[in-house]
Structure formats: C-alpha cells, structure tokens
There are 2 protein chains.
Amino acid sequence: MKMSKQFPLNALRVFESAARQMSFTKAGEELGLTQTAVSYQIKLLEDTIGEPLFLRRPRQVTLTEAGERLAPRITEAFGIMSEAITNLRDTSEGTLIIHSTATFAARWLARHLGTFQLENPGIAVRLETSHEMIDFARTEADVAIRTGKGDWPGLRSHSLMKSHFSPMLSPELAATIGGVKTPEDLLKLRIIDPGDPWWRIWFTAAGMPDVDLGGRPSSKFGAQAFEAAAAIAGHGVAILKPEFYTDDVALGRLIQPFDLLSDDGTDYWLVYPQTRRNSRKIRAFRDFMRKTMPTFRD
Amino acid sequence: MKMSKQFPLNALRVFESAARQMSFTKAGEELGLTQTAVSYQIKLLEDTIGEPLFLRRPRQVTLTEAGERLAPRITEAFGIMSEAITNLRDTSEGTLIIHSTATFAARWLARHLGTFQLENPGIAVRLETSHEMIDFARTEADVAIRTGKGDWPGLRSHSLMKSHFSPMLSPELAATIGGVKTPEDLLKLRIIDPGDPWWRIWFTAAGMPDVDLGGRPSSKFGAQAFEAAAAIAGHGVAILKPEFYTDDVALGRLIQPFDLLSDDGTDYWLVYPQTRRNSRKIRAFRDFMRKTMPTFRD
DNA sequence: CTCTATGGATCAAGAGAACTCATCCATGAA
DNA sequence: TTCATGGATGAGTTCTCTTGATCCATAGAG
C-alpha cells in the first residue's frame, strides 16, 4: 500500500482533532474511533514526520513546540477541504441536468417542468435535448429520458409511459369525409409519413395487416413534432402518441378517432446512474415524475 | 474501518493529482500507484460525494462542473498541509534539545559544544540539565546524556565513556606530604566526601578493601563539581572522573597520582528515542560525539 | 496516604480497504 | 485497417487500521 507515500492523511485528520481537543479519547469520540486507534495514528504521524507532536503527561496530553506549529495549519487545511466539499454538495444539488428526447421535452416537459420548479425552488433545471442515447460516463447529466426497453446496465430506469400511438387528425379534416368511423375511413385521407413503421403496426392491430400505404420506411427522429403540426393544419392523418397531444385534443385542434392504441415495444423511461439514486435532486425529480405521470412505474 | 467517516482523504489526494494532470495514468505515476488504483479512488470519491467529478472520454478525462469547482480548493488545502509539514521538518530539524547531567554538561559539553555548532551552523542547540532520567514521552528533548547501564527500552543508546574514577588532588597538596606515591599516602590527607561509594570501590581495586574512611554514604548528585573545586583549592583528595578534568591537569591545577581507574558499572550514555534515530539533527549530534569522544561506542 | 477514576500505551488478532495483475474496450492516429 | 493510448473491470492478495482486553501512572477524593 503506497497510499501513505507522502504523509498519512488519515493520521493528520486524527491529529487535527486531538490537537483541537487536547485529548486522544475525545478525538476518538469525535471521529468515531477508539482511543487505541487515535494513539496509533498519532504515533504513526510522529514517526513519519520524525518529530514528537504530543507530550504524554499522565492525565493530559500537551502539544510539543512542533505540534503547536503544525496544528493550526492542519486545521485550516481541513477547514478548506470540508467547506469545499460541503459547498460542492449544496451547489451541485442545486442544478438538475435533464437530457431528454426532443419530442418528450417539447410535448411533456415543456408543460410540466414549471410545476417541478415551483415545488423545488432550490433546484435549477437545465434541459438538454438529444436523440442519441446519452452515456452518463461521458456526458454531464443527472437524469435522462429515453425510449427503449429499460435494460441499460448500471442505470436505474423507471417506465414513464408505453410508447402508445394512434392515428390523429384535425376535426375539420375528419368532417370532410363525414367523420372517421372505421379504420378504413383513414385510407380516404392523406396519410402523413406513410413510411412510418408505426402505421403498419397500428393497422395490423386494427385487423388490417395488409394495408399498403406506399412510401418508404423512415426514421422518426424528431419528426413527430412536424407530423403533429401537419395534422393540426389539416394536411392529413398522423400517427402520434396521444399522451403528448391531450391539450390539442382539448382545444379541438386534434381528435383521436379510435381508442385502439398500439405500441412497438419501446417505452419512455426515466433513467439515471444506479449509483446516484439517492441524490437529493434526482430523488426530487423522480418523485415529481411519479406523481405527475399517471403511468409511472418504479 | 470508520476512518473514512467524513470523506475519504486518500481519494481526495488522488483526485487532486488527477485533476491537476487531467490523467488517471499520470496521477498514478505521480503517486506511485497503478492506474487501476486511481480509477478506484476517484470512483470512491464520486460515490461519497454523490456527484461525478470526471467525464470519461475515450482518450482523456475532463472535469465535470462539480470537479472544476472542487479541484482548486483541494489543491489549495493540500498545498497548505504539505507546506506546513515541510516547514515543520525544516524548523524542527533546526533546534536540537539536549538534556544532560549537570556534570557532563559543565565538564564536557561546555567545552565541545562550540565545535558542534561551528560544524552545524543550521542547528541551534538548547542545553538543559537535569539529574533525573528524563522520559522522552513527557519531556521535550531530542537527545539526552545519562549515566546508567544502557538498557533503556525503546531508546537507542551509545556508550560515551566508562564511568571511570580515580583520586585527584592539587599538586600543592601532594607536595605537603612529599608527593603521593602509594594509595596509603592518600590516607594522610583529608578525603573529600569520604562517604562517596566510589572511594571504597577504588581502594578495593587498589588492594586495600578494608580502608575505613568514616563518613556516611552520600549520593553524588551534582556534587562532583564541588568536590573538584575543593580539590583544586587544595582542601583534600577527591575521587573524580579524570576525563572531565584533563584541562585542570594540563593547567597544573590537579594531578591524578595513580593510573588505576575504577568504575561502578555505570557508564555515560548518549540516548535518544529509537524511532528518531534517523532524524538529521540527531544523526549530526551522534556523528559529532562519535568523532569527538574517543571512547564512543555504537 | 490509600483508593478510585481518568487518560494513554501496548499487544494480538481480525476485517476489510486498497492495491496489483490481467484483460477488455473505445477511439484517435498512422 | 491496424496500432497505440487511456480507462474500466474483476479477481485475488496484501497489509493497514481497528478492535478489545489489559496495564500503567497520576490527580483527586476520602
């Protein structure tokens, strides 16, 4: 063990306490050690320094001249360290960095984060969006919201919601064909992004496995927001997560004609490093999500 | 092990080095550790703080915001500690505290210490006299000169000289009886402190075991100086350590009529705590004694 | 002046932290 | 592509540090 190479730090901490209290026994109590341990550590320090620091008198110890010189500096140094760490804890606990997918950030966090901040005035929030699966080891982040299966090693994950989707369109557009009653009705309308794999999944679930919408497979990167905008504008039918558009539905800008919800097996998850599960700010955010998101699962 | 109760100091030291060098491997080299150990310690620190301090990028590590805040404080604190200890070493090495018997101090050190100080300009000397056997655990002292048998536990001891003694008197006094030729001649003169046990020992060695000098047993506490003064003044014959009075002999103030030296089994010793044998100042003093005192024995 | 309480030192033994070795992984450079 | 760099990981081992029991010296009380 080469750790004690320069000087034995633990011994210094013990010395600091002993010098402050002028008692090995008391120092032991303060540090949660036995008097034996204190005695040992002090001797260890004296040996490495090569200079006695205490005079052992019968019922009390006294600092030697050397000890007298050393003690205040050590106390000061420990003061700085301890303050630095305390400060760090406070400040770090004060900023929560969330990495989220663009969609979730725009459609859910945007509307609910205000509540979190009202309830946690001490915590500042920094929201970053990224489509990639962030790696906590190389990106500065406290928590992240991702889609996936929840099986990330080293990470704690809470399912936020099934990645449900269903066709949605503007009520005006629906009216143009006298309302959308059956899945077949959808085919009378323009399908927004027909290459989206979600369509096939949904139509299959609706009992129409063989529908051919044409179009090529396309990724959904950040596209959902545009699809939704197009749907609201009445340009066609989009396949969306209804959970994200409840307010548009409430405002009469979108309707979800069928209750049928499909999913592709990937959910939305709240994730954070396993090791940091007890961080105050992370706990606060998790608790907030738990009570705000009806489908939150531990 | 409760030592790491507040925060892991060794981990902090590792962190400090790693933050300064922006490299775990280099930090390892600096501290004489493997890269593995550094990685372990950093993680340990991050866990106790509850906050990542480094971002692990492929070929380099970066400080997180938290690490960035912490690093300079820690560096500062370590700087103070390290400086305090270095300083302590220097200053402490600069003052040598000698506890000696009064006789040895007066008769030997008084004359030779000047040489030591000339040869060691960086070392200040504080000379204290005490008859008791000092205890390094409760008295602030670096080295001591004692009489005894050299068997002190925990202490390193070097024999300085046999505690030889022999009758000594002023030449004038010797002349009053036509010179001192045989031990018997001594009996014609006044014996200074006839109760001194050394007399019996010496006369026995001289082949006169039954001499009765009268007087009661007396301790020799610091008395030797007075006996010598009395002898020089011609008040009688004293039994003294010739080594201490070579200059009085040279000045013709004292003579040692017989070569016969006796000893009571106790020698003069240079002693110091075993554990401090490598202290620079102690080494310096020991070396000085070794070369200055012909009868020095390791 | 003896008796008790206090504060440390010492010793042996055991726990567990911290270290090392070997190996793996990702990435930037040649 | 291949190589070199810098960290992470896992298993195994060393050895520091702690504990618990016991001893010792002294200050203060009775």
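Convention: sequence-line order gives letters A, B, ...; per-chain numbering from 1.
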Worksheet item: In whole angstrom, what separates B:Arg57's CZ from C:dC25's C1'?
Response: 17 Å
Response to the item:
Rounded to the nearest 0.5 Å, the CD1 atom of B:Ile80 sits from the CZ atom of A:Arg73 at a distance of 9.0 Å
Practice prompt. Taking only the side-chain nitrogens and oxygens of A:Gln60, find out if one of them lies under 4.0 Å from OP1 or OP2 of C:dG8.
Written response: no
Discussion item. Just the rounded figure in Å: distance from C1' of D:dC15 to CG of A:Asn10.
Written reply: 15 Å
Worksheet item: Atom CD of B:Gln41 and atom C1' of D:dT9: how far apart are they, to the nearest Å?
Response: 16 Å
Worksheet entry | Under 4.0 angstrom between A:Lys43 side-chain N/O and C:dG8 OP1 or OP2 | no
Worksheet item: For B:Ile42 and C:dA18, what is the distance between atoms CD1 and C1' respectively, to the nearest whole Å?
Response: 14 Å
Discussion item. If the threshold is 4.0 Å, N to carboxylate O, is there a salt bridge linking A:Arg57 and B:Glu140?
Written reply: no
Worksheet item: Any side-chain N or O of B:Thr34 under 4.0 Å from OP1/OP2 of C:dA22?
Response: no
Worksheet item: So, B:Phe54 versus B:Phe24, ring centres under 6.0 angstrom or not?
Response: yes
Discussion item. Mind checking if B:Thr36 touches a base, just sugar-phosphate, or nothing, with heavy atoms under 4.0 Å?
Written reply: base
Worksheet item: Is the phosphate of D:dG6, meaning OP1 or OP2, less than 4.0 Å from a side-chain N or O of B:Lys26?
Response: no
Worksheet, complete the sentence: Taking for B:Gln35 and for B:Tyr40 the nucleotide of DNA chain C with the nearest heavy atom, the one nearer the 5' end belongs to B:Tyr40
Worksheet item: Quick one: which of C:dG8, D:dG7, D:dT18 gets closest to the side chain of B:Arg56?
Response: D:dG7
Worksheet entry | Among A:Glu16, A:Lys26, A:Arg13, side chain to side chain contact (heavy atoms under 4.5 Å, CB included) partner for A:Leu31 | A:Arg13
Practice prompt. Whole angstrom is fine here: how far is it from CG in A:Leu9 over to P in D:dC17?
Written response: 11 Å
Item to complete: Can you figure out which of D:dA8, C:dG7, D:dG6 approaches the side chain of A:Thr25 most closely?
Response: C:dG7
Worksheet item: Which value, rounded to the nearest 0.5 Å, describes the distance between B:Thr25 atom OG1 and B:Leu33 atom CG?
Response: 12.0 Å
Worksheet item: Between D:dG7 atom P and B:Leu53 atom CG, what is the distance in whole Å?
Response: 15 Å
Discussion item. What's the closest nucleotide to the side chain of A:Val61 if the choices are D:dC17, C:dG8, C:dC19?
Written reply: C:dG8
Worksheet item: Looking at the rings of B:His158 and B:Tyr272, which for Trp means the six-membered one, are their centres under 6.0 Å apart?
Response: yes
Worksheet entry | Phosphate OP1/OP2 of C:dG8: any A:Ser39 side-chain N/O under 4.0 Å | no
Fill in: Residue pair A:Lys149 / A:Thr266, side-chain donor-acceptor N/O under 3.5 Å
no
Worksheet entry | Euclidean distance, atom CZ of residue B:Phe24 to atom P of C:dC19 [Å, nearest integer] | 14 Å
Discussion item. Distance check needed: D:dT16 P versus A:Leu33 CG, whole Å only.
Written reply: 18 Å
Item to complete: Can you pull out how bent the helix from C:dC1-D:dG30 to C:dA30-D:dT1 is, comparing the axes over its first five and last five pairs, to 10°?
Response: 30°
Worksheet item: Looking at B:Trp152, is B:Arg146 sitting on its ring face, NZ or CZ under 6.0 Å from the six-membered ring centre and within 45 degrees of the normal?
Response: yes
Worksheet entry | Out of C:dA9, C:dC19, D:dT19, whichever nucleotide has its closest atom nearest the side chain of A:Ala37 | D:dT19
